[in-house]
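Chain A is the first sequence line, chain B the second, and so forth, proteins listed ahead of strands; every chain is numbered from 1. From a predicted model like this one, the values you see are computed outputs, not experimental measurements.
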Amino acid sequence: MPSAKQIPAYDAEAIETKWQRIWEETGLFKTEEDPAKPKRYVLEMFPYPSGDLHMGHARNYAMGDAMARQARMQGFDVLHPMGFDAFGLPAENAAIKHDTQPRTWTEKNMATSLATMRRMGFSYDFDRLVRTCDPSYYRWEQWLFLKMWEKGLVTRRTSPVNWCPSCKTVLANEQVVDGVCWRCESVPERRELEQWYLKITDYAQELLDGLDELTGWPDRVKQMQRNWIGRSEGANITFALADEAGKPTEETFTVFTTRPDTLFGATFFLLSPEYPGLFDIVAPEEAEDVKALCELAARTSAFERQATEREKHGAFTGRYAVNPVNGRLLPVWVADYVLTDYGTGAVMGVPSGDERDFQFARKYDLPIPPVVVGEDDPLYAELKDERELKVMDVPWEHAMAAEGRLVQSGPFTGLVGGHGSEAVSAIIAWLSERGLGEAKVEWRLRDWLISRQRYWGTPIPAIHCPTCGIVPVPEEDLPVVLPDALDLASGETLAECPEFYETTCPVCGGPARRETDTMDTFCDSSWYYLRYCDPHNDEAPFSKEAAARWMPVDNYIGGIEHAILHLLYSRFFSRVLRDLGMVEFSEPFTNLLCQGMVKDEHGDVMSKSKGNVVAPASVIGPYGADTMRMAVLFVAPPVKDFDWDPKAVAGCNRFIKRVWRLVFELAGEGFEAEHGEISPEELAGADAELNHALHSLGLRCTRDFERAQYNTAISAMMELANAATSYLAAVGEGERNAALMALVARDLVAILAPICPFVAEELYHEALGFTTSIYDEPWPVFDEAQAATEQVEIAVQLKGKVRARITVPRDLAKEELEERAIAAVADRIAGLTIRKVITVPGRLVNIVAS
RNA sequence: GCCCGAGUGGCGGAAUGGCAGACGCGGCGGUCUCAAAAACCGCUGACCGCAAGGUCGUGUGAGUUCGACUCUCACCUCGGGCACCA
């Protein structure tokens, strides 16, 4: 018999401190490395240690921890590691500001963040902590760089780059967001610099194709990567420069176009202001104009120059190109809207087929002959019959159809044009036969610029020798250690630190200079997930066996802001490592969950400058970590943004306190003392109802865990608590089924455990009387058969509208069910003929009568 | 301009083509209390009705279906990605 046992008060802080200590002492969350168990690799994106963790981290890690803890209970060998993305510019800037060292600042922040992680009860295996600023880590990054170099994936070249004047370093293409530096929002300058690149473009097609296999990734992210990679199919077409007499010379230009079908509509020819050898072809009398235009382009920022609304500027070169398809002479112009680093830097001007060319033609009064007429054009019908129109007969107002039939296009007139159309193939074939062009694919993706002119990063392992050129640092000399104690506050850089850069050439032994650029921090985060598999290896970045055991990551969780940068770079690194024979897979992350942002009460992004940041500590203090964890998971589905709501937090705290009392009440003298055989078929009334609730809600909750829908998993727990509360209210103390109550109590605690670990562990011990950890308890088994009730409510519909509800035995025969349903609505269908009866067993009967 | 998402009560949000609004917040009423807080119980989409009950209702309009928040088409609004990329 359950006794009137005194229920202790719920003291979150005491409980949480206690279990945090015990879990650490017993090493409960060390990775087991038990090959008999199936593996599960649960990973949250590691933080940049810029201070303490914020709400976004708390939400991210609460999800990962729920996943890892549940997987463990389900019998998986779980790898759930954590680390720090510890190199980066904010540390250096903070060090300059406070006259300290980046390492000191970073160490302090890592310690603070670690304390918060422990306080939150995240079940990380801290023995595997990885910090990218440790030589034991970046040594292997330098090693990987050397391997890539050997493979020909590292290049050093001079090209126009984005230089951030405030960060005093170059930026990767991906790091210029909306025309400004992703970090400090200053406008980058365009500079011609020699820099280090990784040839990610070698993998462009594969990175694009691989997206189709990633069924566990959100479509949104895959779409963003597709946009970023930007594959365009078209053709390269050769145009010859004309001589004085208008005859083709030996000098040619190649243009890339996605619309070769509009070739007959070309009326001018364009070169970019940076086109190599431009001034060799400019006619002397036009040189001044062209020069002015090039200077204007050089003065304009890259972002401004690429703004869609910007007015186009051009200058005539005084020369003509020959359209290979009809011999027409096209004036060659220089235009500032032509990009130098996409395609060939030369473009054919088709004003009727391209909005930009159209604007240009209107401004400089160039002809605009239509070549594609759309279906809705009045000319279209005429065209289908005649198949030919006189050149220049059609006014320019008919321009700008993306798809339609070709006009004024010689032998191709009448063909269907548009992207990937028959006209495109026909013209490419025609050009190919004559050696004037070929099909070509272009990419928006550029090679990854990885060198940074900053101190706090992984040194690039290269040496500049006056005799031998640029040579790699020999493997045995790794790591190239980043020196401590530069006087950053006075502006000292690696390039001014002879202790660092003075060295000898590994080839000739002569005096040489060490490379003083460091690597982009995104290199650090492109392979850290592999290091976790084998974090203490000092022979290799990781062993093949360890990678084979744990990779790929089964569940990767992090913010959408990494959709392009980090997630694309990591996919690239994985493929390189595969081609180096170090791993067997191509895709590093099987399932990806991008959690939404936590915003403030008014829907604004939390930021220090706005002063609207809610610190995790402000919730953990008054309510405890369990409440904090539940709140960030309950308020919204994982992928959605949510606005921080203190009321919702209080609601979660109320629920935890309710469960606390409820479990003590249900558990009686403890699980062992109370539990006994329960024969489901003998349960009746309230007992049967409670048992049904346990199994149906347990199933729902389990399924919601599996699809990472924590908000609905929690509501299933709440419903189970409600069912148990109703049971206690409805059944007198002497009538209660103690065994059933003990079972409900144990299972409720078990399903709560992944989300609220502290209170679950405490209840498991103190209310239910267990002595082992709840994380050694298997996930409860819920039974489909017991989830079903004997009586079911059936909706009776008339033509799809619910008109009555009847309660019948679950296994009632179809005929009888329909009979009863018809009887229930007899007065409504009196005088009508029943045309059809649709029955969905256990749910509804729909009667169609007229 | 191109490409993705998303529109459901006062709010956050639930619903394998089958009883819309689970669960929570808030609100209203009650129990307990000298009182308040806490806790607990009940009600809570809109409109009509004393009530039984009825009508309407998932951004708008059409369609498919016995039946549509769910599928199809068009449109509106919001959010996101790409963008002088030829």
Legend entry - A:N236 and A:T254 side chains, donor-acceptor separation under 3.5 Å: no
Inset, instruction - With heavy atoms under 4.0 Å as the rule, sort A:K657 into base, sugar-phosphate or nothing. - result: nothing
Inset, instruction - Indicate whether OP1 or OP2 belonging to B:A86 is found under 4.0 Å from a side-chain N or O atom of A:S232. - result: yes
Inset, instruction - Identify whether any heavy atom of A:E311 sits under 4.0 Å from a base atom; if not, whether one sits that close to sugar-phosphate; answer base, sugar-phosphate or nothing. - result: base
Legend entry - Side chain of A:S715 (C-beta onward), nearest among B:C82, B:A22, B:G18: B:A22
Inset, instruction - Kindly point out which of B:C66, B:G81, B:A14 is positioned nearest to the side chain of A:M224? - result: B:G81
Legend entry - Face-on cation placement of A:K312 at A:Y337 ring, 6.0 Å and 45° thresholds: yes
Legend entry - C1' atoms of B:G80 and B:C48, separation to the nearest Å: 44 Å
Inset, instruction - Could you tell me whether A:V338 contacts a base, only the sugar-phosphate backbone, or nothing, with contacts defined as non-hydrogen atoms closer than 4.0 Å? - result: base
Legend entry - Presence of donor-acceptor pair under 3.5 Å, side chain of A:N227 and base of B:C82: no
Inset, instruction - Return no unless some side-chain N or O of A:R356 is found under 4.0 Å from OP1 or OP2 of B:G1. - result: no
Inset, instruction - For A:Q359 and A:R356, run side-chain hydrogen bond (donor to acceptor under 3.5 Å, both in side chains): C-alpha distance rounded to whole Å, both residues' side-chain angles, the deciding distance at 0.1 Å, then the answer. - result: CA-CA 5 Å; A:Q359 286 170 19; A:R356 296 153 300 174; over 6 Å; no
Inset, instruction - Look at all strands and tell whether A:V848 reaches a base, only sugar-phosphate, or nothing, counting heavy atoms closer than 4.0 Å. - result: sugar-phosphate
Legend entry - Distance-only donor-acceptor test, A:R259 side-chain atoms vs B:A86 base atoms, 3.5 Å: no
Legend entry - Distance test, side-chain N/O of A:N711 to OP1/OP2 of B:A14, below 4.0 Å: yes
Inset, instruction - Check if the side chain of A:K799 and the base of B:C66 share a donor-acceptor pair of N or O atoms closer than 3.5 Å. - result: no
Inset, instruction - Scan side-chain atoms only and decide if A:Q709 and A:R703 contain a donor-acceptor pair under the 3.5 Å cut-off. - result: no
Inset, instruction - Report yes or no: do A:R658 and A:N653 form a side-chain donor-acceptor pair below 3.5 Å? - result: no
Legend entry - N-glycosidic conformation, B:G9 - syn within 90 degrees of 0, else anti: syn
Legend entry - Contact nearer the 5' end of RNA chain B, comparing A:A795 with A:F642: A:F642
Inset, instruction - Taking only the side-chain nitrogens and oxygens of A:R654, find out if one of them lies under 4.0 Å from OP1 or OP2 of B:G26. - result: yes
Inset, instruction - Check every strand shown and say whether A:R835 touches a base, only sugar-phosphate, or nothing at a heavy-atom separation below 4.0 Å. - result: nothing
Inset, instruction - May I ask you to say whether A:K363 pairs ionically with A:E311, meaning some side-chain N is under 4.0 Å from a carboxylate O? - result: yes
Legend entry - Selection from B:G18, B:A86, B:C40 that lies nearest to any side-chain heavy atom of A:R661: B:C40
Legend entry - Pairing partner of B:U58 (Watson-Crick or G-U wobble, both distances under 3.5 Å): none
Inset, instruction - For A:D341, answer base if it contacts any base atom (sugar-phosphate contacts may also be present), sugar-phosphate if it contacts only those atoms, and nothing otherwise; contact means non-hydrogen atoms under 4.0 Å. - result: nothing
Inset, instruction - Could you check whether A:W443 gets within reach of a base, just the sugar-phosphate, or nothing at all, counting any heavy atom under 4.0 Å? - result: nothing
Inset, instruction - Report which part of the nucleic acid A:P218 touches: base, sugar-phosphate, or nothing (heavy-atom distance under 4.0 Å, all strands). - result: nothing
Inset, instruction - Determine whether any donor atom in the side chain of A:R446 lies under 3.5 Å from an acceptor atom in the base of B:C85, or the reverse, and answer yes or no. - result: yes
Legend entry - Distance between C1' atoms of B:G18 and B:C71 (Å, rounded): 14 Å
Inset, instruction - Check whether any side-chain nitrogen or oxygen of A:R444 sits under 4.0 Å from OP1 or OP2 of B:C2, and answer yes or no. - result: no
Legend entry - A:K647 side chain near B:G26 phosphate (N/O to OP1/OP2, under 4.0 Å): no
Legend entry - Given B:G18, B:G81, B:G12, the nucleotide with the shortest approach to the side chain of A:R843: B:G18
Inset, instruction - Please measure how far the C1' atom in B:C85 lies from the corresponding atom in B:A15, and state the result in whole Å. - result: 44 Å
